[in-house]
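Note that the structure is predicted; figures quoted are calculated from it, not measured.
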Amino acid sequence: MPPKTSFDWANVRKRRFGVWRYRELLPISDNVEPVTMCEGGTPLIKLNRAVDGHVYVKFEGANPTGSFKDRGMTVGVTIAKHIGVKGVVVASTGNTAASAAAYAARAGLACVVVLPRGGVAKGKLAQSLLHGARIVEVDGVFDDALEEVFTEVVINGKKDLYPLNSYNPWRLEGQKTIAFEIVDELSEVPDAIVVPVGNAGNISAIWKGFKELYNYGLISKLPRMIGVQAEGAAPLVATWNRKSETLLEIEKPYTIASAIRIGKPVNWLKALNAVKESNGTFIAVSDNEILNSVKDLAQYEGIGVEPASAASLAGYRKAIDLGILNRDDSVVLIATGHALKDPDTISKIF
Ligand SMILES: Cc1ncc(COP(=O)(O)O)c(C=O)c1O
Ligand SMILES: N[C@@H](CCOP(=O)(O)O)C(=O)O
């Protein structure tokens, strides 16, 4: 017998479509007021021309700051405000920073963003500035920025700044609602979910969401989780392919998709478990395949995404070629961020 929950699809569907529709499945008591901007409730768009078959894009670029990070931030910043911290801190390739800055502003909290110098797309940097974050730049890549947050804030215990990268479990609680929305809208579970992977929080969170629905008896099957990384920044693909029990880190990750230019994903073990338990896999795609997918989503479907987001379409195509997925499988591709985030890279396509 599955455990009991007061959650009921018919009831929750009376509420606005978005993260807080699923409040019964978020571990936050009713008396806590959310810091929200109506995040989530993003479009699930069936692809007509870029690929054949039953393939949908979950367009997370439609969130308030233009990426899926807002789902995690609404919950994380709600908790930060509730526990009474002065501010929040994140390391970021740009989207986490933009989202943290916006939600902190809304909550009246300070925000410090630690960024890899020269490694953040223009649109994202502008968002952090716009929302009043304090920007600290470090030499190196995202992993060095996260190390800085770990040593300065977590290890040295600067208690007035609350860390909000995706090792913070509240972030994943918000992001798991992607799974709830997919089931809510399709009224069934797709055969596979294809997710671009960087720090590996999102794939872990989405799997957590599906498993919760399953464990509560609200769905009767689980999807396969397919994680996609860029060839030059694919520590999880290497770890998976070589069946390593420790993470095979990449010291100098590089890909044109700066959002997933990450060599030491903090959620690597959760992500490996998600893929293993779901009978999924990790796939590497080239920068060219990513850029072609950006163009195809834009020009065949009208969907404008930043490069990292298009890794899901590139990964889907590769999964079909390799026989990992069939053309008649129903598949949801997570398109993680909006095209306007990274105009410079996109203009290089043409
Ligand atoms: C646009 C975009 N796509 C994908 C990812 C990867 O998500 P995750 O770090 O949760 O694996 C990120 C951030 O890391 C991102 O900003
Ligand atoms: N691409 C991410 C990297 C950090 O991810 P997080 O989910 O751990 O915050 C970003 O936008 O910074």
Could you please spell out the steps behind the side-chain contact (heavy atoms from CB on, under 4.5 Å) verdict for Val88 and Met73? CA-CA 11 Å; Val88 301; Met73 258 350 135; over 6 Å; no

Test side-chain contact (heavy atoms from CB on, under 4.5 Å) applied to Val189 and Val183, step by step: CA-CA 6 Å; Val189 178; Val183 175; 4.3 Å; yes

Chi angles and distances behind the side-chain contact (heavy atoms from CB on, under 4.5 Å) call for Thr93, Ser258: CA-CA 7 Å; Thr93 55; Ser258 58; 5.5 Å; no

For the pair Ile303 and Leu47, evaluate side-chain contact (heavy atoms from CB on, under 4.5 Å) and give the outcome as yes or no after the intermediate values. CA-CA 10 Å; Ile303 304 172; Leu47 297 188; 4.0 Å; yes

Could you walk me through whether Asp191 and Lys221 pass salt bridge (Lys or Arg N to Asp or Glu O under 4.0 Å), step by step? CA-CA 9 Å; Asp191 296 311; Lys221 79 168 208 188; 2.7 Å; yes

Could you go through the side-chain hydrogen bond (donor to acceptor under 3.5 Å, both in side chains) check for Ser166 and Asn267 one step at a time? CA-CA 8 Å; Ser166 59; Asn267 294 292; 2.9 Å; yes

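Cluster annotation: Phe180 is connected to Leu222 through the hydrophobic network of ILVMFWY side chains, with a link wherever side-chain heavy atoms come within less than 4.5 Å. With hydrophobic clusters built from ILVMFWY side chains whose heavy atoms lie under 4.5 angstrom apart, Leu340 does not share a cluster with Leu291. Hydrophobic clustering keeps Val90 apart from Phe68 (ILVMFWY residues linked when any side-chain heavy atoms are closer than 4.5 Å, directly or through intermediates). There is a path of hydrophobic side-chain contacts, each under 4.5 Å, that joins Phe17 to Leu25. Taking hydrophobic clusters as Ile, Leu, Val, Met, Phe, Trp and Tyr residues chained together by side-chain heavy-atom distances below 4.5 Å, Tyr103 shares a cluster with Val32.
Taken to the nearest 0.5 Å, the OG atom of Ser92 stands 11.5 Å off from the CG atom of Leu164. To the nearest 0.5 angstrom, Asp321 atom CG is 10.0 Å from Tyr316 atom OH. To the nearest 0.5 Å, the span separating NZ on Lys86 from CG on Leu109 amounts to 11.5 Å. Atom CG of Leu297 and atom CG of Asn292 lie 11.0 Å apart (nearest 0.5 Å). Remark: Ser312 OG to Ile283 CD1 distance equals 11.0 Å, nearest 0.5 Å. To the nearest 0.5 Å, atoms OG1 (Thr177) and NZ (Lys208) are separated by 11.5 Å.
The backbone N or O of Asn11 lies less than 3.5 Å from a partner atom in the side chain of Asp8, making a donor-acceptor pair. The closest donor-acceptor contact from the side chain of Ser278 to the backbone of Ala274 lies under 3.5 Å. One N or O on the side chain of Glu301 and one on the backbone of Asn48 form a donor-acceptor pair closer than 3.5 Å. Under the 3.5 Å distance criterion, the side-chain polar atoms of Asn168 are matched with a main-chain donor or acceptor of Trp170. Judged by distance alone, the side chain of Ser67 and the main-chain N or O of Gly61 form no donor-acceptor pair under 3.5 Å. Judged purely by atom type and a 3.5 angstrom limit, Arg23 uses its side chain to pair as donor or acceptor with the backbone of Ser29. For Glu39 (side chain) and Gly18 (main-chain N/O), no donor-acceptor pair under 3.5 Å exists by modelled atom type. Checked by atom type and distance alone, the side chain of Asp143 never pairs as donor or acceptor with a backbone atom of Ile262 at under 3.5 Å. In this structure a side-chain-to-backbone donor-acceptor pair under 3.5 Å is missing from Ser128 to Leu125. No donor-acceptor distance shorter than 3.5 angstrom exists from the side chain of Thr255 to the backbone of Arg261, with no hydrogens or angles considered.
Ion pairing between Lys124 and Asp342 fails under the 4.0 Å rule for side-chain N and carboxylate O. A salt bridge does not link Lys264 with Glu147: none of the charged nitrogens is closer than 4.0 Å to a carboxylate oxygen. The residues Glu289 and Arg317 are annotated as not salt-bridged, no charged nitrogen and carboxylate oxygen being separated by less than 4.0 angstrom. Ion pair Arg224/Asp329 not flagged as a salt bridge, since none of the NZ, NE, NH1 or NH2 atoms sits closer than 4.0 Å to an Asp/Glu carboxylate oxygen. Using a 4.0 Å cut-off between charged side-chain N and carboxylate O, Arg15 and Glu24 make a salt bridge. A salt bridge between Glu60 and Lys69 is absent, with no side-chain N of the basic residue lying under 4.0 Å from a carboxylate O of the acidic one.
Contact between Ala97 and Val113 at its shortest, heavy atoms only, is CB-CG1, 3.6 Å. In terms of heavy atoms, Ala339 sits closest to Ile346 at O-CD1, 3.5 Å. Across Gly198 and Gln229, no two heavy atoms sit closer than the pair O-NE2, 4.1 Å. Taking each heavy atom of Gly227 and Val197 in turn, the nearest pair found is CA-CG2, 3.7 Å. Closest approach of Ala105 to His131, counting heavy atoms only: CB-O, 3.8 Å. A pairwise comparison of heavy atoms in Glu231 and Ser286 identifies OE1-CB, 3.5 Å as the closest pair.
Looking at Asn63 and Val19, their side chains never come closer than 4.5 Å, going by heavy atoms from C-beta outward. Side-chain contact check for Lys270 versus Leu172: some heavy-atom pair is nearer than 4.5 Å. Using a 4.5 Å heavy-atom threshold, the side chains of Lys318 and Val228 count as separate. Residues Ile290 and Asp287 have side chains in contact (heavy-atom distance under 4.5 Å, counting atoms from C-beta outward). In this structure the side chain of Val77 never reaches within 4.5 angstrom of the side chain of Arg106, judged on heavy atoms. A 4.5 Å side-chain heavy-atom check between Asn95 and Glu306 finds at least one atom pair inside the cut-off.
Below 30°, between 30° and 60°, or above 60°: for Trp240 and Phe282 the angle between ring planes is above 60°, a perpendicular geometry. The aromatic rings of Trp9 and Tyr22 sit perpendicular to each other, their planes meeting at more than 60°, with 30° as the lower class boundary.
Environment of CG in Asn273: crowded, with over 12 heavy atoms of neighbouring residues, nucleotides or ligands closer than 6.0 Å. For NZ of Lys81, the number of neighbouring non-hydrogen atoms (other residues, nucleotides, ligands) closer than 6.0 Å is 12 at most. Residue Tyr300 places its OH atom among 12 or fewer non-hydrogen atoms of other residues, nucleotides or ligands, all under 6.0 Å distant. More than 12 heavy atoms of other residues, nucleotides or ligands lie within 6.0 Å of CZ in Arg13, so this atom counts as buried by the packing criterion. The 12-atom threshold is not exceeded at OH of Tyr214, counting heavy atoms of other residues, nucleotides or ligands nearer than 6.0 Å.
Qualifying ring pair (Phe, Tyr, Trp, His ring centres under 6.0 Å) partners for Phe150, counting only residues two or more places apart in sequence or in other chains: Tyr167.
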With a cut-off of 3.5 Å and sequence neighbours excluded, list every side-chain donor-acceptor pair involving residues 132-142.
{"residue": "Asp139", "atom": "OD1", "partner": "Arg117", "partner atom": "NE", "Å": "2.8"}

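Identified under the ring-ring contact (aromatic ring centres under 6.0 Å, His included) test for residues 190-212, with sequence neighbours left out: none.
Here the rule is side-chain hydrogen bond (donor to acceptor under 3.5 Å, both in side chains) with Asp70, and of Thr36, Thr65, Thr42 only Thr65 fits it.
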